[in-house]
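Worksheet: the structure to be examined is printed underneath.
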Amino acid sequence: MEFEQFRHFIFSEAGIDMPPSKRALIQSRLAVRLRELELNSFSAYWQKLQHPSGAAERQKAINLLSTNETYFFREPDHFTWLQQHVIELSKHGNRHIKIWSAACSTGEEAYTIAIVLAEALGINGNWQLFASDINTRVTAFAKRGVYPLERAKKTPPHLWQKYFLRGRDEYSGQVRMVPQLIKRINFFNLNLLQSDAYQQSGFDIIFLRNVLIYFNEETKLKVLGNLCPKIINGGHLLISHAETIRNKELPLFMDGPSRYCVNQPFNPHR
Ligand SMILES: C[S@@+](CC[C@H](N)C(=O)[O-])C[C@H]1O[C@@H](n2cnc3c(N)ncnc32)[C@H](O)[C@@H]1O
């Protein structure tokens, strides 16, 4: 198998740094696509990916090679903080609050944020929520707002009735988010390596959780260098408890566990 080529492919396309120990994982994920295409070798698949007309296939390969594990109320401390923080912010003249879940996977993180905002500020409150991922399959899934019950089990019980509709018959074992919440989230596709070209800015908070872990130090710096200028001065960046930001040049100051405050204008050309 052209392991090194596929490894280089996912690194150059998405920044995902798969160590040699992930060889079997890459192989098993791509094998699914080989079967669908009835190709009998990885080199035939590699040829297909390389073809100038292979953009759609390259996206499919990215979808297969990215890891999308997520669930509702993951790392709940962040959401306890979020609730208190947005209530504080809204005291200053009910100002507009803008949040971005920047590697949202299938959407559970974004819906969790939306539930917290709806609780704190009202479902039709003065807030805006953006959610993006490089993977086109997961954002399409997120837009439907339908989940296996299992993924929602960390949701505090008093929120169930308000925000989840229990599926019946062929939907039993699944939940659907209430439509008023679905329509409050703007899901789209974005590669974090190219987020400098994304026009939105002025975010109060960016959630960037459980994605830095796939990047090397250089890629982390590039991605964070793109994102910091999009956060307002005094705004926040949340990463996962399993992740670290080592770089000292970024205008990020830790003000809680895996929570950073942006407090100086960042010039990436400095
Ligand atoms: C493990 S999930 C994290 C989901 C959620 N943030 C959480 O913490 O539960 C990581 C996500 O990062 C996305 N991802 C990986 N590389 C990316 C890139 N270069 N640009 C945007 N998203 C990326 C993957 O597609 C995947 O959905």
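Values below: every heavy atom of this structure, side chains too, minus hydrogens, waters and symmetry copies. When a ligand or atom number is given, it counts from 1 through the structure's own listing order.
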Exercise. For Thr219 and Asn216, does a side-chain donor sit closer than 3.5 Å to a side-chain acceptor?
Worked result: yes
Problem set entry | Thr67 and Arg29: side chain donor to acceptor below 3.5 Å | yes
Can you list the ligand 1 atoms lying under 4.0 Å from a non-hydrogen atom of [X]?
{"X": "Glu109", "answer": "5 (C), 6 (N), 7 (C), 8 (O)"}
{"X": "Ser105", "answer": "4 (C), 27 (O)"}
{"X": "Ser66", "answer": "24 (C), 25 (O)"}
{"X": "Ile16", "answer": "15 (C), 16 (N)"}
{"X": "Leu192", "answer": "18 (C), 19 (N), 20 (N), 21 (C)"}
{"X": "Asn68", "answer": "24 (C), 25 (O), 26 (C), 27 (O)"}
{"X": "Arg209", "answer": "3 (C), 5 (C), 6 (N), 7 (C), 8 (O)"}

Taking [Y]'s backbone N and O only, do any of them form a donor-acceptor pair with [X]'s side chain (distance below 3.5 Å, no angle check)?
{"X": "Arg184", "Y": "Gly125", "value": "yes"}
{"X": "Lys230", "Y": "Tyr198", "value": "yes"}
{"X": "Asn189", "Y": "Asn135", "value": "yes"}

For this session: Over 60° means perpendicular and under 30° means parallel, so classify the ring planes of Trp81 and His85, tilted if in between.
Result: parallel
Closest protein heavy atom (residue, atom, distance) for [atom]:
{"atom": "atom 8 (O) of ligand 1", "value": "Asn210 ND2, 2.7 Å"}
{"atom": "atom 2 (S) of ligand 1", "value": "Thr67 O, 3.5 Å"}
{"atom": "atom 1 (C) of ligand 1", "value": "Glu69 O, 3.3 Å"}
{"atom": "atom 19 (N) of ligand 1", "value": "Ala14 O, 2.8 Å"}
{"atom": "atom 23 (C) of ligand 1", "value": "Ile134 CG2, 3.5 Å"}
{"atom": "atom 7 (C) of ligand 1", "value": "Arg74 NH1, 3.4 Å"}
{"atom": "atom 5 (C) of ligand 1", "value": "Ala103 O, 3.5 Å"}
{"atom": "atom 25 (O) of ligand 1", "value": "Asp133 OD1, 2.6 Å"}

For this session: Could you state whether Ile232 and Ile205 fall into the same hydrophobic cluster, counting links through intermediate Ile, Leu, Val, Met, Phe, Trp or Tyr residues with side-chain heavy atoms under 4.5 angstrom apart?
Result: no
Counting only nitrogen or oxygen atoms and a 3.5 angstrom limit, does [X] reach ligand 1?
{"X": "Thr70", "result": "yes"}
{"X": "Val211", "result": "no"}
{"X": "Asn135", "result": "no"}

Exercise. Taking NZ, NE, NH1 and NH2 as the nitrogens, is one of them in Arg151 or Glu108 under 4.0 Å from a carboxylate oxygen of the other?
Worked result: yes
Exercise. Does the pair Glu217/Arg246 count as a salt bridge with the N-to-O cut at 4.0 Å?
Worked result: yes
Seminar exercise, completed: So for Leu190 against ligand 1, with non-hydrogen atoms under 4.0 Å, the contacting part is backbone
Exercise. What residues form a side chain to side chain contact (heavy atoms under 4.5 Å, CB included) with Ala140, not counting sequence neighbours?
Worked result: none
For this session: Scan residues 89-106 for pairs that pass salt bridge (charged side-chain N to carboxylate O under 4.0 Å, His left out), counting only residues two or more places apart or in two chains.
Result: Glu88-Lys91, Arg95-Asp204
Exercise. Name the one of Phe73, Phe72, Tyr111 that satisfies ring-ring contact (aromatic ring centres under 6.0 Å, His included) with Phe79?
Worked result: Phe73
